[in-house]
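Working notes, beginning with the structure itself.
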Amino acid sequence: MWTKASQPQVFAARRARLSSRLRGPALLVAGLSRPRNFQHNRFPFRAESHFLYLVGRSIEGAALLIHPKGATLFAPPADPEAELWTGPMPSLTDWSNELGLEVRPIEELQGAENIAALPPQDLDCALWLSELLDRDLEPGGGEELQGADAELAESMIALRLSHDDAAVAQLKEAAAVTHRAHLAGMRATRPELREASIRAAMEAEIIAAGCATAYGSIVTVHGEVLHNERHDGVLTKADLLLADVGAETPEGFAGDVTRTWPVSGRFSGTQREAYEVVLAAQLAAIAKVAPGVRYLDVHRAAGLAMVEGLIGLGILRGSAADLYARGAAALFFPHGVGHLLGLDVHDMEDLGDRAGYAPGRSRAEAPGDRYLRLDRDLAPGMCVTIEPGFYQIPRILARAEEVGELESALDRAVLARFADVRGIRIEDDVLVTPTGYEVLSAAVPKSVDDVQHVMV
Ligand code: GLY
Ligand code: MN
Ligand code: MN
């Protein structure tokens, strides 16, 4: 499978929508590639997401000027010296023909004034952009933007929050490749292999489809380490393997899917019981997704279902509503239930919480809520992840100050029986539709039976 590209009219329509919202000119930069360890050994270039949204191509060193009457792309002219190494580079005319845009040399932009911009991604980009626009711009800080910069951020958020048809098609492409990656991971899993082998099998599908990984793959038998970056662990037949792996299409749209499966191909009794609790919480949260629903309530539905499930297993004792109100869900599920998904895996997080939190809302303090990256009312065209988990994290469960008065509600003897369950997360990509939702990653096996069936 090879991912399909959007037509040039898609980007023209997005540029027109942005330009109709602006009162003055704005610049969206593609950015610069980043060095790995020395100047000439560089990470593959991936343009900044706002630029990709409007242009669809990663053109290093380019910048798109949008003004109320239209758009002009400023790009570096082909460099004959560099072409020795890169092969022929598109000329500005080639870009213009391909993109259906006026394209000018980037030098012509130098020193332009009174142009709105978004925060640059890193210091190199900040220096470059500050020079182009003749004013000081610093990385980060989307919340602190003022004036025309803030208006630009709000316009981009309004456009990107509600995915157009082409964006939905891209998200579906990303989900389809991600599906193949997870199937490959399940099928490649064997005791005695290292986590890295399963990661390789999964990423091979992504690379073979012309995609990149949308974020650093998590493939680990220590799922309780939430963003585990290690891949050197050796799988044993008693382990669960947690794989949080997603593809990114060449236009930059992301998949973000987690599955947790038994290395042996068969869940143990305790693994199965804990898995069913997480799955019930995930399904309860997905079932709430609909236009007008506040995402915080989706998060809370997952937490409440998790507490109900843990009471059912005998790990917690008491009434679900009371235990949830006292923070019991966060003992085992300390992160948010999900986030926006689009071009960025945490979509538009370059703008801080400005994109994820509706005006007037901010992060709650409670342990189970403070890592929630999204609290908006859902609307058709939004895409979110739903990703509850159950983790036995020593940093929480072994510290009296974290467990607090919930200790009396916790049955440690029962919990000890679940020693072969360190971490389970189940994550899907969910599009909000006019009447409810569509799970874009629904094809990825998820029920106990479906997972075991793939692994035989
Ligand atoms: N893969 C990162 C996340 O799920 O948020
Ligand atoms: Mn996610
Ligand atoms: Mn994920």
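Keep in mind that this is a model prediction, so the values were computed, not measured. All ligand and atom numbering here is 1-based and tracks the order in the structure.
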*Is Arg36 positioned over the aromatic face of Phe43, cation under 6.0 angstrom from the ring centre and no more than 45 degrees off axis?*
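The answer is yes; both the distance and angle limits are met.
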_Quick check for you: to the nearest 0.5 Å, what is the distance between Leu226 atom CG and Arg395 atom CZ?_
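Atom-to-atom, Leu226:CG and Arg395:CZ are 10.0 Å apart.
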*About how many Å separate CG of Asp428 and CD of Glu387, when rounded to the nearest 0.5 Å?*
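Result: 10.0 Å between the selected atoms.
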Check each atom of ligand 1 against the heavy atoms of [X] and keep those under 4.0 Å away; list them by number with element.
X	value
His339	3 (C), 4 (O), 5 (O)
Glu427	4 (O)
Asp244	1 (N), 2 (C), 3 (C), 4 (O)

*Provide the closest heavy-atom pair for Gly255 versus Asp429 in the form atom of the first, atom of the second, distance.*
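Nearest heavy atoms, Gly255 then Asp429: CA-OD2, 3.6 Å.
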*Aromatic rings Trp261 and His182: how do their planes relate, parallel, tilted or perpendicular, breaks at 30° and 60°?*
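Rings of Trp261 and His182: perpendicular, as their planes differ by over 60°.
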*Can you label the angle between the Phe267 ring and the Tyr275 ring as parallel, tilted or perpendicular, going by 30° and 60°?*
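The rings of Phe267 and Tyr275 sit tilted, inter-plane angle from 30° to 60°.
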*asked:* Would you say the Mn ion (ligand 2) has His339 as a near neighbour, meaning an N/O/S atom of that residue under 2.8 Å away?
replied: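 Coordinating: yes.
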*Please state whether Arg425 comes within less than 4.0 angstrom of ligand 1, counting heavy atoms only.*
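The answer is no: ligand 1 sits nowhere under 4.0 Å from a heavy atom of Arg425.
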*Donor-acceptor contact present, side-chain Thr385 to main-chain His339, <3.5 Å*: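 Yes; at least one donor-acceptor contact below 3.5 Å.
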*asked:* Tell me which one of Val451, Asp239, Leu241 satisfies side-chain contact (heavy atoms from CB on, under 4.5 Å) with Pro262.
replied: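 Only match with Pro262 under side-chain contact (heavy atoms from CB on, under 4.5 Å): Val451.
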*asked:* For the 3.5 Å polar cut-off, considering only N or O atoms, please tell me whether His227 and ligand 1 meet it.
replied: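 No: no nitrogen or oxygen of His227 is under 3.5 Å from one in ligand 1.
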Can you tell me the N, O or S atom of [X] that's nearest the Mn ion (ligand 2)?
X	value
Glu427	OE2
Asp256	OD2
Glu387	OE2

_Nearest non-hydrogen protein atom, atom 3 (C) of ligand 1_ =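 Of every protein heavy atom, Asp256 OD2, 3.4 Å lies nearest to atom 3 (C) of ligand 1.
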*Got the closest protein heavy atom to atom 5 (O) of ligand 1, with its distance?*
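Going atom by atom, the protein heavy atom closest to atom 5 (O) of ligand 1 ends up being His346 NE2, 2.7 Å.
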